[in-house]
2 protein chains.
Amino acid sequence: MRKTKSTILEAVHETAKGLHKVGVLDQVTLREFDRLCLPPIEPLGPEQIKQIREAARVSQAVFAAILNTSVSTVQKWEIGQKRPTGAALKLLHLVQKRGLEAVV
Amino acid sequence: MRKTKSTILEAVHETAKGLHKVGVLDQVTLREFDRLCLPPIEPLGPEQIKQIREAARVSQAVFAAILNTSVSTVQKWEIGQKRPTGAALKLLHLVQKRGLEAVV
DNA sequence: CCAATCATATCACTAAGTGCTATATTCTAT
DNA sequence: ATAGAATATAGCACTTAGTGATATGATTGG
């Protein structure tokens, strides 16, 4: 990460301070995070999850396989016994927006 | 898959029985699942996960935000204290193959 | 130089996720 | 028709991923 930046850039032009943010080698940190403007990942209710799956026209088993989770989990999502969070929620949003193909 | 078959066959041969399943209403079930040939989602080691993130040139915090998980979780993945499974593992594979843009 | 911000690491707790089993229903093929 | 297969739903007990808070060290900027 910044290791390489220092090595290369500083070797050439070590006084220029703001230059370290220019190259492709630089890392995106929280400082530029505002520009990313990530869409907020909102929680999905049981019915919504079922709708997403049915819109994709797949059974619970196939849906589970594609999301790399268990049928048991998908079922619990759809009956509201468990609520997807984190990466699972993100994946579901991806399927909702871009379809199953974007995920397979 | 069966979609097309049903559409054609039932259109000609309308006993009205399977009519509600015709066309776009059909669902992909486990029966045609073999054809999907899903690539097996293999577990990712700590170093691999770190490589994926560094290849994406983002900090742990940004990486976590994009995956809709916590910084704490990303850290544990990278030091091997916890292993991503299910949807999290699927998401990581997506980033590895298609890049962060495919997920944002 | 000092303060602020970022990145990384550690710890304890909660709940998501898994596997299993069982039942009822629906579709398929003989 | 009828048997066989696949789907959807449900409940239980267990494991561990995931989360939040906090602590330490490294960078940056005023």
Side-chain angles (χ1 to χ4, degrees), chain A residues 1-3 5-6 9-10 14-21 26-34 41 43-44 46-47 49-51 53-54 56-65 67-92, chain B residues 1-3 5-6 9-10 13 15-22 25-34 41 43-44 46-47 49-50 53-54 57-65 67-92:
Chain A
M1 34 180 72
R2 191 172 299 127
K3 217 168 298 174
K5 179 213 78 177
S6 313
L9 279 186
E10 307 259 350
E14 73 277 62
T15 28
K17 223 170 195 174
L19 222 68
H20 65 285
K21 289 190 190 166
D26 208 26
Q27 185 179 227
V28 177
T29 68
L30 276 186
R31 289 175 184 163
E32 302 96 44
F33 190 53
D34 318 322
I41 307 292
L44 292 172
E47 324 77 16
I49 297 178
K50 189 162 195 169
Q51 282 172 7
R53 178 178 63 84
E54 288 176 343
R57 302 281 158 205
V58 293
S59 69
Q60 291 180 337
V62 173
F63 198 57
L67 299 185
N68 192 42
T69 187
S70 65
V71 180
S72 191
T73 296
V74 172
Q75 286 166 357
K76 287 179 178 57
W77 288 346
E78 294 192 357
I79 64 180
Q81 197 173 120
K82 293 291 172 64
R83 308 223 158 220
T85 61
L89 191 56
K90 174 77 181 188
L91 248 189
L92 287 172
Chain B
M1 23 196 77
R2 186 181 301 126
K3 217 169 295 176
K5 185 203 79 176
S6 312
L9 280 187
E10 304 265 351
H13 197 276
T15 23
K17 179 183 168 191
L19 220 70
H20 64 290
K21 296 189 206 155
V22 179
L25 290 178
D26 209 24
Q27 186 179 226
V28 176
T29 68
L30 275 185
R31 290 173 185 162
E32 302 93 40
F33 189 53
D34 319 321
I41 308 293
L44 292 172
E47 326 77 17
I49 297 177
K50 190 162 194 167
R53 177 177 65 84
E54 289 176 341
R57 299 279 161 207
V58 291
S59 68
Q60 290 181 338
V62 173
F63 198 58
L67 299 185
N68 193 42
T69 188
S70 66
V71 180
S72 190
T73 296
V74 172
Q75 285 167 356
K76 287 182 179 57
W77 287 347
E78 295 192 358
I79 64 180
Q81 195 173 121
K82 293 290 171 67
R83 307 223 158 221
T85 61
L89 190 55
K90 175 75 182 191
L91 248 188
L92 286 172

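Chain identifiers are assigned alphabetically (A, B, ...) following the order of the sequence lines, protein sequences preceding nucleic acid strands; residue numbering begins at 1 within each chain. Since the structure is predicted, the reported quantities are computational estimates derived from the model, not experimental observations.
Across every non-hydrogen atom of Gly80(A) and Pro46(A), the tightest pair is CA-CG, 3.4 Å. Shown here for Asn68(B) and Lys90(A), the closest heavy-atom pair between the two residues is CB-CB, 3.9 Å. Closest non-hydrogen pair, Pro43(A) versus Leu89(A), comes out as CA-CD2, 3.9 Å. Across Glu78(B) and Arg53(B), no two heavy atoms sit closer than the pair OE2-NE, 2.5 Å.
Nearest-nucleotide positions on DNA chain D place Arg53(A) closer to the 5' end than the other of Arg53(A) and Leu89(B). Between Gln60(B) and Gly86(B), the one whose closest nucleotide on DNA chain C sits nearer the 5' end is Gln60(B).
For Thr69(A), whose side chain is taken as the heavy atoms from C-beta onward, the closest listed nucleotide among dG11(D), dG18(D), dT18(C) is dT18(C). For Gln75(B), the side-chain atoms get nearest to dT10(C) when compared with the rest of dA8(D), dT10(C), dG17(C). Checking dG17(C), dT8(C), dA8(D) against the side-chain heavy atoms of Lys82(A) singles out dG17(C) as nearest.
One can place CZ of Phe63(B) at 12 Å from P of dT8(C), the figure rounded to the nearest angstrom. Taking atom NZ of residue Lys50(A) and atom P of nucleotide dA8(D), one finds them 8 Å apart after rounding to whole Å. Rounded to whole Å, the distance from CD1 on Ile79(B) to P on dA7(C) is 17 Å. Rounded to whole Å, the distance from CG on Asn68(B) to C1' on dA16(C) is 14 Å. The nearest whole Å value for the distance from the CD atom in Gln81(A) to the P atom in dA16(C) is 10 Å. Arg83(B) has its CZ atom 20 Å from the C1' atom of dA16(C), to the nearest Å.
A sub-4.0 Å separation between OP1 or OP2 of dT18(C) and a side-chain N or O of Ser70(A) is present. Proximity of Thr85(B) to the phosphate of dA17(D): no side-chain N or O atom is located under 4.0 Å from OP1 or OP2. Within the 4.0 Å cut-off from OP1 or OP2 of dG17(C), at least one side-chain nitrogen or oxygen of Trp77(A) is found.
Base contact: Ser72(B) has a heavy atom under 4.0 Å from a base atom. Residue-level contact check: Ala88(B) touches the backbone only, with heavy atoms under 4.0 Å from sugar-phosphate atoms and none from bases. Among the heavy atoms of the strands, none lies under 4.0 Å from Glu78(B).
One donor-acceptor pair, N or O on each side, does fall under 3.5 Å between the base of dT19(D) and the side chain of Lys76(B).
Once rounded to the nearest 0.5 Å, the distance linking NZ of Lys76(B) with CD1 of Ile49(B) reads 13.0 Å.
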